[in-house]
Amino acid sequence: MPVRRSLLAAPVLEVAPKLLGMVLRRTTDEGTVAVRLTEVEAYDGPNDPGSHAYRGQTARNAVMFGPPGFLYVYFTYGMHFCMNVSAGPDGQPSAVLLRAGEVVEGVELARRRRGAPASAETKFNQTAGVRSAGLSGAGVRAAGSSGAGVQPGPAGGKAAARRNPDWELARGPARMCVALGIDREANGVDLLARDAEVQLVPGPGFEGEPSTGPRVGLREAADRPWRFWIPGDPTVSAYRPHVPKKRA
DNA sequence: ACCGTGATGGTCT
DNA sequence: GACCATCACGGTG
């Protein structure tokens, strides 16, 4: 059962901490992966220079301007996706960035999707001059699923698993998207629909009070403590201030 | 463990 | 043409 929409219609600073301990679940023909949310950030539209919606509605950020409970997925740094849950009443463009979580279902599928990033296999193929036609992602997937189900974890075995432990599968917004298989196609999905491919469900919650602090990597409004996380949870990502890029 | 940096393309000015 | 709600790697300690 998805959560009630009225729960997400509140002001985003109230909604964000309530998402901690809830579960985001995605089911496809590949299987199901579910993540218990451990770290989120609030983005408050017109009141928030750090929000994509601060300067008004565009094609990209349109989902934030709609009703609560929909998925806003955006593409950034030329290679990563991040996802938000729209919050607040219809017409108020606020959203909660989902920054990290603990994989609580479908760990094997999540491992396969996350693969073994640029480890021995990739390097070998590059140095050997093997033309890869999409081997970077698909090849890893195939390698993981081709066996008789005996081989666990990312391609590369124990060494790769050590560098890529399960608690890092969804530690960080782009990693969590990979673990769940979220990309631009999921933009605009209703997370509260009964038959939705991606669903937000209540989950186990957590004990105690959320920690708060400044949001990660923002240039604008870098001081607002609108990041919320479950204290002590190893899946919470590291804080990182904004770094200006070198100029040519 | 921590820090610096390259990769890579969509979006907005 | 600048900026990016990031990640993984390699170098250093």
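Each chain gets a letter, A, B and so on, in the order the sequences are listed, and its residues count up from 1.
- Straight-line distance from the NE2 atom of A:H52 to the C1' atom of B:dC12: 11 Å, rounded to whole Å.
- Using modelled atom types, one side-chain atom of A:R5 and one backbone atom of A:P68 make a donor-acceptor pair closer than 3.5 Å.
- Distance A:R60 CZ to C:dC4 P: 11 Å, rounded to the nearest Å.
- As rounded to whole Å, 12 Å separates atom C1' of C:dT6 from atom CZ of A:R114.
- With hydrogens and angles ignored, the 3.5 Å screen pairs no side-chain donor or acceptor of A:D166 with any backbone N or O of A:V103.
- Distances shorter than 4.0 Å separate some side-chain N or O of A:R175 from OP1 or OP2 on C:dA8.
- At distances below 3.5 Å, not a single donor-acceptor pair connects side-chain atoms of A:R215 with backbone N or O atoms of A:R227.
- Of the possible donor and acceptor atoms, one in the side chain of A:R114 sits under 3.5 Å from a partner among the backbone N and O of A:E168.
- Between the CZ atom of A:F81 and the P atom of C:dT6 there is a distance of 15 Å, rounded to whole Å.
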Assess the residue pair A:R4 and A:S6 against the criterion (side chain to side chain donor-acceptor pair (under 3.5 Å)); give the C-alpha distance rounded to whole Å, side-chain angles, the decisive distance to 0.1 Å, and a yes or no. CA-CA 5 Å; A:R4 296 205 340 271; A:S6 61; 3.0 Å; yes

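- Of the charged side-chain nitrogens involved, none lies within less than 4.0 Å of a carboxylate oxygen, so that A:R171 and A:E102 do not count as a salt-bridged pair.
- Residue A:H242 has a polar side-chain atom (N or O) positioned under 4.0 Å from OP1 or OP2 of C:dC4.
- Here C:dA5 is the nucleotide among B:dT13, C:dC4, C:dA5 with the atom lying nearest to any side-chain atom of A:Y43.
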If you apply the rule ring-ring contact (aromatic ring centres under 6.0 Å, His included), what do you find for A:H52 with A:Y74, and how did you get there? CA-CA 10 Å; A:H52 290 169; A:Y74 68 91; 4.6 Å; yes

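- Residue A:R184 has its side chain nearest to B:dG10 when only B:dC12, C:dT6, B:dG10 are considered.
- Screening A:T38, A:L20, A:L19 for a side-chain contact (heavy atoms from CB on, under 4.5 Å) involving A:P210 leaves a single residue, A:L20.
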Dot-bracket for DNA chain B, 5' to 3', with Watson-Crick and G-U pairs under 3.5 Å, [ ] for crossing pairs and | for other-strand pairs: what is it? |||||||.||||.

What's touching nucleotides 4-6 of chain B from the protein side, N or O pairs under 3.5 Å?
residue, atom, partner, partner atom, Å
B:dG6, N7, A:K245, NZ, 3.4

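- Regarding A:Y77, its OH atom lies at a distance of 9 Å from the C1' atom of C:dC3, rounded to whole Å.
- Remark: side-chain polar atoms of A:E39 are not paired, donor with acceptor, to backbone N or O of A:G101 under 3.5 angstrom.
- The residue among A:G50 and A:E168 whose nearest nucleotide of DNA chain C lies closer to the 5′ end is A:G50.
- A heavy-atom distance below 4.5 Å is not found between the side chains of A:K18 and A:L8.
- Per the geometry, OH belonging to A:Y239 stands 11 Å off P belonging to C:dT6, to the nearest Å.
- Listed by residue number, the members of residues 212-227 of chain A with any heavy atom below 4.0 angstrom from DNA chain C are A:V216, A:G217, A:L218, A:R219.
- Checked by atom type and distance alone, the side chain of A:S94 never pairs as donor or acceptor with a backbone atom of A:Y43 at under 3.5 Å.
- Residue A:N61 contributes atom CG, which lies 13 Å from atom P of C:dA5 at whole-angstrom precision.
- Straight-line distance from the CG atom of A:N187 to the C1' atom of B:dT11: 14 Å, rounded to whole Å.
- No chain of hydrophobic side-chain contacts below 4.5 Å, direct or via other Ile, Leu, Val, Met, Phe, Trp or Tyr residues, connects A:F75 to A:Y72.
- Between A:T58 and B:dC12, a side-chain N or O to OP1/OP2 separation shorter than 4.0 Å is present.
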